Amino acid sequence: GEDVEQSLFLSVREGDSSVINCTYTDSSSTYLYWYKQEPGAGLQLLTYIFSNMDMKQDQRLTVLLNKKDKHLSLRIADTQTGDSAIYFCAESPGSSNTGKLIFGQGTTLQVKP
Amino acid sequence: EAQVTQNPRYLITVTGKKLTVTCSQNMNHEYMSWYRQDPGLGLRQIYYSMNVEVTDKGDVPEGYKVSRKEKRNFPLILESPSPNQTSLYFCASSPGTSGRIYNEQFFGPGTRLTVL
């Protein structure tokens with residue numbers, strides 16, 4: 001079945017790197033996404049990666065995809081207090097043509113000054 | 001400004017009292033969806049709509065109804081709310097799925113519902 005798993009909590013110091021991990025089960029997923037949810041707000045797309053890529057870099061963000069292990073990670077370099085939020089990994093199941101996204105439980109990132 | 005709006009943002013109600021949460025998008029998106037967010041469970045899809053008058057069940061549809069009479073609006077209806085529907089609800093929209101595999105969804109700000 002379709003499932004996405006994330007650890008629930010990560011705490012880092014300001015200036016350190018953060019790495020948020022995600023595993024998924026649907027090997028036919030075409031796109032994988034990272035969404036950010038700030039307190040009291042909806043989700044915003046942070047970045048995404050196409051399934052035929054291993055890595056994508058966007059300023060302070062690096063997404064790594066290990067398709068063999070069905071493992072996705074989001075690295076935030078030089079983490080700032082403004083990065084404190086909940087981060088959701090999501091996949092587009094390849095078997096679905098309904099636009100469905102499967103979300104993980106969300107990882108709460110706490111950045112200490 | 002391109003956005004998805006939801007109303008109300010906060011609602012406290014009692015068991016059995018029918019309520020509607022509205023959702024509207026101004027991006028001419030075909031696809032709209034409702035999710036509920038519960039601690040430790042992430043977001044779970046309730047209902048979705050691929051176009052006007054086309055709706056279908058998501059993963060947790062029990063106790064909810066939707067309608068899509070116009071492209072921009074996708075209200076969520078709870079005919080007889082119960083305490084287990086206390087949750088944070090999000091509406092989302094995207095350009096559509098026809099011929100696309102990339103599906104960025106744009107989310108509303110959320111509606112926090114408490115059913116006593």
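Fair warning: this is a prediction, and the values are worked out from it, not measured in the lab. Numbers restart at 1 for each chain; the letters A, B, ... are given by sequence-line order, proteins then strands.
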Examine whether an atom of [X] lies under 4.5 Å from a heavy atom of chain A, and if so say whether it belongs to the side chain, the backbone or both; otherwise answer neither.
X: B:R44; answer: neither
X: B:F106; answer: neither
X: B:Q6; answer: neither
X: B:L41; answer: backbone

Nearest 0.5 Å please: distance from the CD atom of B:E104 over to the OH atom of A:Y35.
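Reported to 0.5 Å precision, the distance equals 5.5 Å.
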State the CD-CG distance between A:Q37 and B:L88, to the nearest 0.5 angstrom.
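Those atoms lie 6.5 Å apart.
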**Message:** With a sphere of 6.0 Å drawn around CD of A:Q59, does it hold more than 12 non-hydrogen atoms of other residues, nucleotides or ligands?
**Reply:** no
Counting only heavy atoms from other residues, nucleotides and ligands, does the tally under 6.0 Å from NZ of A:K56 exceed 12? yes
So if you build clusters from Ile, Leu, Val, Met, Phe, Trp, Tyr with side-chain heavy-atom gaps below 4.5 Å, do [X] and [Y] land together?
X: B:V21; Y: B:I12; value: no
X: B:F90; Y: A:I102; value: yes
X: B:V60; Y: B:L76; value: yes
X: A:I86; Y: B:Y89; value: no
X: A:M55; Y: A:L61; value: no

Original post:
Taking C-beta and beyond as the side chain, do A:L101 and B:Y35 meet within less than 4.5 Å on heavy atoms?
Top reply: yes
Is it true that a side-chain atom of A:Y33 and a backbone atom of B:Q105 form a donor plus acceptor pair closer than 3.5 Å?
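The answer is no, because no donor-acceptor pair under 3.5 Å joins these two groups.
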Here the pair of heavy atoms bringing B:F107 nearest to A:L43 is CB-O, 3.4 Å
| chain B contact via A:Q44 - which portion, at a heavy-atom distance below 4.5 Å |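 Contact with chain B involves no heavy atom of A:Q44 at all.
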